[in-house]
Structure formats: C-alpha cells, structure tokens
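Notes for the one structure printed next.
Chain letters run A, B, ... following the sequence lines, proteins first and then strands; every chain starts at 1. Computation of the quantities below employed the complete heavy-atom set of this structure, encompassing side-chain atoms and omitting hydrogens, waters and symmetry-equivalent molecules.
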2 protein chains.
Amino acid sequence: MSTLNRAKIVAAAVDLIEREGADAISMRRIAAELGVGVMSLYNHVPNKSALLDGVAEAVLSGIEFTDDPSAHWTERVRIQARAFRQIAHDYPRSTMVVVSRQLHSTAGMIPAERALATLREAGFKGEEAVRMLRMFIAYIVGSLLREVGVTPTFAPVRPDVPMPDVDPALFPELCAGAPDLAVCDHEAEFEFGLELLVQAMAVRLGERGLTGHERGLET
Amino acid sequence: MSTLNRAKIVAAAVDLIEREGADAISMRRIAAELGVGVMSLYNHVPNKSALLDGVAEAVLSGIEFTDDPSAHWTERVRIQARAFRQIAHDYPRSTMVVVSRQLHSTAGMIPAERALATLREAGFKGEEAVRMLRMFIAYIVGSLLREVGVTPTFAPVRPDVPMPDVDPALFPELCAGAPDLAVCDHEAEFEFGLELLVQAMAVRLGERGLTGHERGLET
DNA sequence: TGACCGTACGTACGGTGTACGTAGACGGGA
DNA sequence: TCCCGTCTACGTACACCGTACGTACGGTCA
C-alpha cells in the first residue's frame, strides 16, 4: 500500500486479467486499480509488453513442479504435463498471455529445463529429445488454448453462442458426431492425448531394444 | 475499384496483415489501403471482430484439401495435417488470427468435417473419434503457433533477440542441448510429431484386434 | 544549506473502434 | 416530372489506448 513496486503492479495485472479478461487490461485500468497515477507505473515497468512478460512469469512461477526422480519416466512426464495444464485452471484468462510470450527469464525456461531432463533420463538423446520436447509443448499449448476457449472445440465453449446449427448435407460427420462433439471434458481430453503421446514415446524407446509392453525400469 | 464490398475489404485486411503484421491492422489503415473513408467499411462489415472472422475464413478457404479416399487412412491423415500446416507457410502472420477465432461458418468447419470423416473411416467411432480429432487439432495448433513465432522455440525465432545466454548452473539440460535447440526446422519438427501421432493411432486401432495390414506404416 | 536523485503525477500527442448524422445516387410509383 | 425510400460513402465526435515529456516533492549525502 505504501510504495509501488513491480511485484504489486504485476499482481494487480494478473488479478485484473482474471477478473475482467485480457482485453480489459490497460495501463490506466491497472493504475486505477492500485489507486495510483498512470505514469507512476512506468517507474517500475518499462512498457506494457514488459508488464505482460511479468504476468507470464508470475503465472509460470505459480505452478508447482513436484518432480519425483525416482518415479518411472512415463509418470514424470504425465506429472509435468498436468502441472503445466494447471495454469489453465488457476489462471484461465491469463493462459493466452503465458503461452504467447517467449520468456528468456528463469521462470520461463524452468519448465523446459525440467522436461528436457526427464526426456534425457528416459533415454532420448540429442536431437530426438528436443523434438519430443517441442512436440509435447505443441500439444500442451494447443490443449490449453482449447480449454480456455481461444481455439475451437465444436462444443459450446461458453454459453454466449448456443450452438451453431450445422447443415447435415454439408457436414454429415459433424452432425453424426454431434452428441460427442457437444461435450468437452477438458481433463479427459487432455489425459487422452497425453496417454497417447506417452505410449508413442514408449514405443519409440522400445524400438531401440527395450521390451515393448512393460517398459523396464532402467534405474 | 468501383464499389466496395466485403470480399475486397477482407482481401485488403489479409494483404495488410501479411505485409505489416497483425498488430498493424486497424479500420483506418484498411480504409486508407482501399482509398476509402473509415466508416464506409461499416456498410459491409458489422465490426472489426467480424472482419477478422472474414480474414480467418478467407485463409481457411485458401487451403487445398485434396483428399484421396482410396489412400490408406494414415496417409490421408498426414495429407490433411500438412494441408492445414500450409497456412503457416502461405499466411504466416494471419495464422494467429485463424486459429484464435472459432468459426461457425462453412469454411471454418470443413477441415473438421474432413478430419472426422477420415478418422471414422480409419475405424475410430463415437467419442474416440472426437478425442482423436481434438488431439490432432491441439497438436497442429501448437505446432503452427511455434512456427509463426508466437510460442517459444528456444531457438532464435526471429533475429531480433540474438539468443538468451543461459546460466549453465541453472539450466544444465538446456545448455547441453543448445546445439539441437538452436535450430528449428519447422517441417521436420512437424513431421516428427505427426508421425508419432499417426503411429500411436495405428497402435490404438491395432490393440482392438484389427487385421495386420491396417497396422499402419513405419518410418 | 545545497545538490542530487528517485518516485509520483498531470498534461498532451497520436492512435484506436465505432455511434451518429448527413449527403448523394439510384430506382420505383404517382 | 416529382417525390420518396433505400443504400452507400463520408465527416465528426467520443471514449479509450500507450507513452513521451515536464514538473513537483521527499529523502540522502556533501
């Protein structure tokens, strides 16, 4: 309350985004929220873009990566993916800000560092580990954007538009699948793809000589 | 040149986005591009949001879905995924607009219709087909956002920031993988994940006891 | 005391989307 | 021919945006 600082500004921004949406934030709005003049913000933040970087860092710092090195690598991958998805639950309206900003800061790179470590320990090396990492990031980012309503679901993402009435002649498959398309359990969807990816990774490892079904522990 | 219409406005918007980036577009800028008053645009487009919907539709209409029903389903999936990725090549700076707008129009739903048809013919039914569709969309969206520089690559996405110097003590894995992280062949990355997903889908089908010839191809 | 410096703040500029009112072109009865 | 309704183009105006700039105040040290 007494003096302004960067942390307070960022916290106010996150709070405002979660309350009123990412479109609602402006330097004036944040300043008003803090009961402070607009230009006072610029003593602690160089510009709006940097403030949004701060928002992304704050959200990323909030996720808990409880990595258990003794667990099987498949479970470690699942846990890390779920930890990242937690963002969409805890900060749904900030999610777009988080994923659309490439951070060169510690908070921004820790998830990648952890993921890469896990992939290496699982047995992926060099270029293949990086490819696995990038594929996972792509899947998770895409899933999060669906979950927070940026990307289409073909389900009533939010109750603003009820449901597009599709022409059965033009879209027979979409109509046939309408009952399944009308619902979107985000956790179940995420877990489905996650499991598919983990299995695919296990197969990829198994091709190299490990047993296929029961991936042996290589402790 | 003679009279204004929606198609011309949308075309000008796409053109402007590709030339100067999505941040550069504004109603005034588009009007100036067309040599027309700002408010004249509103005779043909209700608001800016609808115009962006038009941009997304125009880009989506531009992709060619050459579906060959006689091909193996794995190949059909690959072809459709690549057709969608073509957006990032043909309209890189419009890509974010395309994927962040959920369209209830024909152009917006055709890709999903085709994909769902392919998945059904491959043998996925009901809820599982929808889950496969959504997982594929998530992966493709995530890949496209990486490709157009929205989402982090950990490679020099564009030569504005040279390369973040990472602390080897904090990020040993990122440093160890720096040579592999420094490059990002978007086509290769996309194909890697695509192949993994297709194989995972084939395994999922195979687990159900389908005949061997449907088990999919290998790399 | 004076110099210095960081913080808070007001004002101002050029930009944004768009509501509203106006003016002209066009076409169809009377 | 005149009149009238409809459609299109356009200018103006409003509220808002990010932020460059100048100023005023409080504390710290010479």
Take the protein atom [atom1] of [X] and the nucleotide atom [atom2] of [N], then report the distance between them rounded to whole Å.
| X | N | atom1 | atom2 | value |
| --- | --- | --- | --- | --- |
| Asp23(A) | dG18(D) | CG | C1' | 16 Å |
| Ile25(B) | dT16(C) | CD1 | P | 11 Å |
| Arg6(A) | dA8(C) | CZ | C1' | 19 Å |
| Arg29(B) | dG14(C) | CZ | P | 18 Å |
| Asn43(A) | dT7(C) | CG | P | 6 Å |
| Leu51(B) | dT16(C) | CG | P | 14 Å |
| Leu4(B) | dC7(D) | CG | P | 16 Å |

Between atom [atom1] of [X] and atom [atom2] of [Y], what is the distance when rounded to the nearest 0.5 Å?
| X | Y | atom1 | atom2 | value |
| --- | --- | --- | --- | --- |
| Leu41(B) | Arg28(B) | CG | CZ | 11.0 Å |
| Thr95(A) | Ile17(A) | OG1 | CD1 | 10.0 Å |
| Leu60(B) | Arg101(B) | CG | CZ | 12.5 Å |

Scan side-chain atoms only and decide if Gln80(B) and Thr118(B) contain a donor-acceptor pair under the 3.5 Å cut-off.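 Side-chain D/A pair, Gln80(B) to Thr118(B): present.
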Do you see a donor-acceptor pair shorter than 3.5 Å between the side chains of Thr151(B) and Gln102(A)?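 No donor-acceptor contact under 3.5 Å links the two side chains.
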Contacts under 3.5 Å, N or O only, protein and nucleotides 18-21 of chain C:
unit_1  : atom_1 : unit_2   : atom_2 : d
dT18(C) : OP2    : Tyr42(B) : OH     : 2.9
dT18(C) : OP2    : Lys48(B) : N      : 2.9
dT18(C) : O4     : Arg28(B) : NH2    : 3.2

Ser40(A) side chain near dT7(C) phosphate (N/O to OP1/OP2, under 4.0 Å):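 Negative; the distance criterion is not met.
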Does His44(B) put a side-chain nitrogen or oxygen below 4.0 Å from OP1 or OP2 of dA9(D)?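 Yes, His44(B) has a side-chain N/O under 4.0 Å of OP1/OP2 on dA9(D).
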Does this structure show an ion pair linking Glu147(A) with Arg85(A), if we count only N-O contacts that are shorter than 4.0 Å?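 Here Glu147(A) pairs with Arg85(A) in a salt bridge, since their nearest N and O are under 4.0 Å apart.
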